[in-house]
Structures are given as C-alpha cells and as structure tokens.
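Below, chains carry the letters A, B, ... as their sequence lines are ordered, and counting in each starts from 1. Hydrogens, waters and symmetry mates play no part in the numbers below; they use all other heavy atoms, side chains included.
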Protein chains: 2
Amino acid sequence: MTPLAASPLTRKLSAFVALSEAELAVLARLHGRRRSFVAGRDMAHQGQSDQAAFILSAGWVCSYKIQPDGTRQIVDFQVPGDFLGLRSVLLRTSDHSFEPVVDVEAAEVLTGDLLEAFAQTPRLATAILWAASRDEAMVVEHLVGIGRREAGARMAHFLLELGSRLALVGMGSKEGYDCPLTQYHLADALGLSAVHVNRVLRQLRESGLVTFRDGHVTFHDYSGLVDLAEFDPAYLDQTGPLLK
Amino acid sequence: MTPLAASPLTRKLSAFVALSEAELAVLARLHGRRRSFVAGRDMAHQGQSDQAAFILSAGWVCSYKIQPDGTRQIVDFQVPGDFLGLRSVLLRTSDHSFEPVVDVEAAEVLTGDLLEAFAQTPRLATAILWAASRDEAMVVEHLVGIGRREAGARMAHFLLELGSRLALVGMGSKEGYDCPLTQYHLADALGLSAVHVNRVLRQLRESGLVTFRDGHVTFHDYSGLVDLAEFDPAYLDQTGPLLK
DNA sequence: CGAAACGTTGAATGGTTTCAACAAGAGTGG
DNA sequence: CCACTCTTGTTGAAACCATTCAACGTTTCG
C-alpha cells in the first residue's frame with residue numbers, strides 16, 4: 001500500500017528498491033521541516049559552510065559556479081525528488097551556489113536527522129547513497145557532453161536526460177514535459193551562448209525532433225532525438241543499489 | 001615521527017590532518033596488496049562491476065569515457081596518492097574505464113578491508129572521504145573549465161591544478177614537474193583536438209609562461225599563468241576534513 | 001629497416017561567439 | 001491605465017576560435 005501522496009523522492013527510490021513500511025516511515029519523517037524559497041534568490045552561496053541538505057518536493061533548482069570573469073557554468077539541475085547539498089553535509093565541500101529557478105518547496109534535512117535515519121535503516125541509507133552516486137554519474141556525463149558533443153547533440157542529450165529524470169517522478173513522458181528553464185539557463189548549462197542556444201533549438205524544432213517553447217518540451221520524434229544525441233540511458237537506468 | 005618512506009597517500013592526508021600512530025598503522029596496512037599494471041592496458045572497463053579500489057603509489061592513471069562515435073573524454077587523472085575507484089566500491093557506479101598512462105604501482109583495497117579500516121578509525125574514514133570529495137570538486141572544476149574557459153586558459157588551469165596536486169605529494173613545485181602525458185591525453189581531457197593542443201602549448205611557450213616538453217612541465221612565469229587561468233586554488237586548499 | 005606513436009605546421013573549413021537590433025510579454029510605479 | 005523598464009526570445013552579419021585534412025619530422029621499438 002503506497003501512501004496516497006508519495007513524495008517525489010519516495011517515488012524515485014521506490015522505482016528501484018522495494019522499501020518496507022518502516023523505511024517509508026523514516027523517509028516520511030525526513031520530509032518534516034518544510035521550507036520555501038522564491039525564484040532567483042540563492043539558497044546558498046559559494047564558500048558558505050555549515051549548510052543543510054534539502055529534499056526537493058516542488059520546483060527546480062540549479063547548482064552553478066561563477067567565474068572571476070563573470071561567466072557562469074551550471075553544473076546540474078535538481079528537480080522534484082532530488083537531494084540538494086547532500087555532499088555538503090556528508091563531506092563538506094560545497095563550493096558552488098544554489099539558485100531556485102522557480103519558487104521551490106523543499107524539506108530541510110539536518111545532518112543529525114540524516115545520520116540517525118541512516119543508522120536506523122541501512123537499506124534506506126544505501127538507497128540514498130545510490131541516488132547520490134547516480135547524480136555524480138550525471139555530472140560526469142555532463143562533462144562528456146560539453147567536451148565531446150557538438151551543440152545539437154548536446155542539447156538533445158540534455159533534454160532527453162531531463163525527460164528521463166522527470167519521468168521517474170511522474171512529471172514527464174516520451175511525449176514531453178513542463179520545463180521552466182530559460183534559454184539562458186540552457187546556455188549556462190551547456191557551455192554555449194544564449195544566442196546559439198536559440199539557433200540550435202530552432203534547428204531541432206525545424207527538423208521535427210523537439211520543441212522547447214513556453215515552458216514546455218515536446219518530443220516530436222523521440223527515437224530520432226535519441227539517435228542524434230547518441231543517448232544511452234545506461235547511467236540512469238541502473239539496476240538499483242545492491243541490496244540483499 | 002613520520003615513517004621513513006611515507007606513501008604518497010599518507011603524505012597527502014598528513015598535509016591536512018594530523019594522523020595518530022594507530023591511524024598511520026591502519027593506513028599502512030591498507031597498502032598491503034601490491035599490484036602492478038602496464039601502460040596502456042585498461043585496469044577496468046566501462047560497465048564492469050565488482051571491481052576493487054586502488055591506492056596509486058607510482059605512475060599515472062586516467063579515467064575516461066568512450067562515446068559511441070569513438071571520441072574519448074578523459075574525466076580525471078590519478079597521480080600517486082590518489083584513490084582510484086573509491087566510489088565504485090562504496091556506491092557501485094563505475095561507468096567509466098581506467099587506463100594506466102605509464103606503468104603503475106598500486107595497492108589493491110578490498111571492500112571488506114576498507115570498511116573494516118573505516119570502522120576501526122573513524123577519523124581516517126573522514127579523511128579519506130574528504131579526499132574523495134576533493135576529487136569530486138576537481139571534476140566540477142573540470143566541467144567549468146571545459147564549458148566556460150577558452151583553450152589557453154583551460155590548458156593553463158589544467159597544468160596549474162596538476163602542479164598543485166603533485167606538490168602535495170612532493171612531486172612538483174612552482175618550478176615545474178614531470179608529466180608523462182601526451183598531447184593526445186591533454187586533448188581528450190580538455191575537449192580539444194590534438195592539433196589545437198599543440199598550437200596552444202606553443203603559444204604558452206612563446207609567451208614565456210610554461211613549457212610542456214619531453215615529459216616535463218616547466219613554469220617560467222607562475223603568477224602570469226595564474227592570471228591567465230584565473231586559477232583560484234580554493235577548491236584544492238581546503239581547511240581539511242572537519243575533525244574534532 | 002620498417003612500423004608505429006608522437007609531435008609539428010599550414011591551409012581551408014566550419015561551428016560558435018559577439019555585436020547589434022528588434023519584438024513581445026510581465027511587472028512596476030506614477 | 002499607461003508609460004516604462006526588464007526579462008526573454010529572435011534574427012542577421014561579421015569576426016573568431018577551433019577543427020579537419022594533409023603532410024612531414026622525429027623518436028622508439030621490434
């Protein structure tokens with residue numbers, strides 16, 4: 001019996017591991033401290049220490065780094081169901097900033113609560129760490145994309161990956177998904193100029209592959225897009241954490 | 001009293017945390033299973049599971065991903081003192097390959113031994129996890145470099161970072177260091193073509209900043225290079241793991 | 001000696017950026 | 001309610017950075 005309104009994180013983890021009632025209860029308790037953040041105002045800045053982690057339940061966040069010359073590189077996006085700042089708590093190395101792309105609802109997770117939850121339910125701990133390693137794999141794939149894919153394939157890959165992530169929490173399908181990002185976000189994430197992002201999007205649209213418009217991504221030719229991007233979701237669709 | 005011939009990893013950790021005799025002993029025991037690998041033959045392949053971790057004591061390794069179209073992106077290099085495949089053991093998500101750049105000496109670390117060591121000496125565990133988070137920060141910085149730095153600054157930043165890492169284990173200084181990488185390695189790491197790497201290196205050389213030649217990097221104008229690269233070693237020179 | 005790996009250089013091509021200008025909608029304050 | 005500004009999106013033309021192709025030199029190694 002799944003909860004009436006499972007949180008996105010619960011949904012995501014449940015897609016890979018069958019969680020017991022007790023584990024679901026602990027997970028639910030982690031969602032206790034609800035917090036809100038308004039779009040555009042950073043949740044945390046580079047160099048700030050002692051910050052909490054969050055579980056995103058609604059809204060989008062991006063984690064980025066600003067360079068001395070003012071250019072920005074977005075490292076990753078967080079969508080509902082994603083952890084945010086997990087490594088900062090576990091390992092204390094947050095040298096980037098977090099900006100809510102839209103208004104955000106999140107649960108604050110204190111270090112103590114997290115460690116306690118881990119101690120109580122090792123299987124849950126494994127599942128969460130597995131999710132963290134999945135995030136890391138995405139950063140690596142992101143690096144590969146920027147380094148070795150041309151703009152069209154890079155964009156296609158990005159839109160497909162986002163779609164897969166959202167599908168996992170019921171917010172997207174092979175038809176498309178809602179996406180509040182601006183072309184500037186895409187530019188800063190993909191290492192392109194905003195102008196070129198616009199052109200690439202037009203090409204993809206005119207090729208009948210995808211449309212990115214008015215806050216919505218629509219896949220017109222999913223498999224064609226997969227071909228263009230050479231999208232291999234192996235790094236996303238893992239067999240799940242190794243649990244006995 | 002430091003050991004007569006401290007391992008590079010011991011050296012590195014000691015630069016940030018004062019380890020007790022007992023902790024040093026545990027660390028030494030982790031170095032027990034010595035293994036050798038010859039240059040060019042992969043230590044592990046993409047998709048392979050159930051692999052051990054290694055502590056590099058001599059030689060260089062690169063971790064990379066091959067794309068369907070044959071292009072390669074090097075994600076990171078490992079130099080003596082670095083862990084290799086740590087995340088694969090802790091979290092099981094190694095979707096990239098490891099190639100020894102030169103002949104390599106490493107200590108194999110079995111999952112069980114590592115967990116046992118962690119249980120025995122929590123401070124050592126924290127120190128090692130801190131080192132892992134530092135590696136992660138380098139991958140993020142690498143992503144930023146590829147996405148938002150032009151070729152010259154990217155190369156300069158890369159050479160400087162490598163220098164800092166090597167200095168930590170006594171294998172480099174602000175004068176320079178030995179570096180067995182080929183221009184092809186640089187190209188695959190920096191997301192450039194080998195031809196352009198050659199040109200960029202020439203420019204840097206002719207500007208009197210650095211020379212990369214015959215397996216040796218020589219800094220001619222360290223601070224000039226730092227300026228060009230906008231190199232801010234904050235993500236490397238952390239205050240160390242938070243230990244009580 | 002021949003092959004293979006690495007380095008070097010030129011010329012042509014092309015993907016991307018920059019600069020510039022304009023359009024449309026949202027929000028703001030008078 | 002209407003100017004006004006700000007953000008976001010759009011498009012063209014010129015400039016530029018980087019790639020590709022091609023050729024050649026050097027060294028290493030079997």
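For D/dT10, neither phosphate oxygen OP1 nor OP2 lies less than 4.0 angstrom from any side-chain nitrogen or oxygen of A/R202.
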What does nucleotides 18-26 of chain D look like as a protein-contact string, B for base, S for sugar-phosphate only, - for none, at under 4.0 angstrom between heavy atoms?
SBBB-----
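Side-chain contact annotation: B/S63 with B/H96, donor-acceptor N/O pair under 3.5 Å absent. Using a 3.5 Å distance cut-off with no hydrogens or angles, the side chains of A/D42 and A/Y64 do pair a donor with an acceptor. No side-chain donor from either of A/E136 and A/Y235 sits under 3.5 Å from a side-chain acceptor of the other. Side-chain atoms of A/S36 and A/E105 form a donor-acceptor pair, as typed in the model, at a separation below 3.5 Å. One side chain, A/S57 or A/R34, offers a donor N or O that lies under 3.5 Å from an acceptor on the other. There is a side-chain donor-acceptor pair under 3.5 Å between B/T182 and B/H185. Inspection of the A/H220 and A/T211 side chains reveals an N or O donor paired with an N or O acceptor under 3.5 Å.
Note: CG (A/L190) to P (C/dT16) measures 11 Å, nearest angstrom. Regarding A/Q203, its CD atom lies at a distance of 10 Å from the C1' atom of C/dG15, rounded to whole Å. In this structure, B/N198 places its CG atom 18 Å from P of C/dA5, rounding to the nearest Å. In this structure, OH of A/Y184 is placed 13 Å from P of C/dT18, rounded to the nearest angstrom. A/D214 has its CG atom 14 Å from the C1' atom of D/dT10, to the nearest Å. C/dG7 atom C1' lies 10 Å from atom CG of B/L201, rounded to whole Å. For the pair B/H185 NE2 and C/dA5 C1', the computed distance is 12 Å after rounding to whole Å. What separates CD of A/Q183 from P of C/dA23 is a distance of 18 Å, to the nearest Å.
Axis angle across the helix from C/dC1-D/dG30 to C/dG30-D/dC1, with five pairs used at each end and values rounded to 10°: 40°.
Counting all heavy atoms, side chain and backbone alike, B/V144 lies closest to A/Q73 at CA-CG, 3.8 Å.
Remark: of the listed residues A/E99, A/K65, A/Q67, A/E99 is the sole one forming a side chain to side chain contact (heavy atoms under 4.5 Å, CB included) with A/R72.
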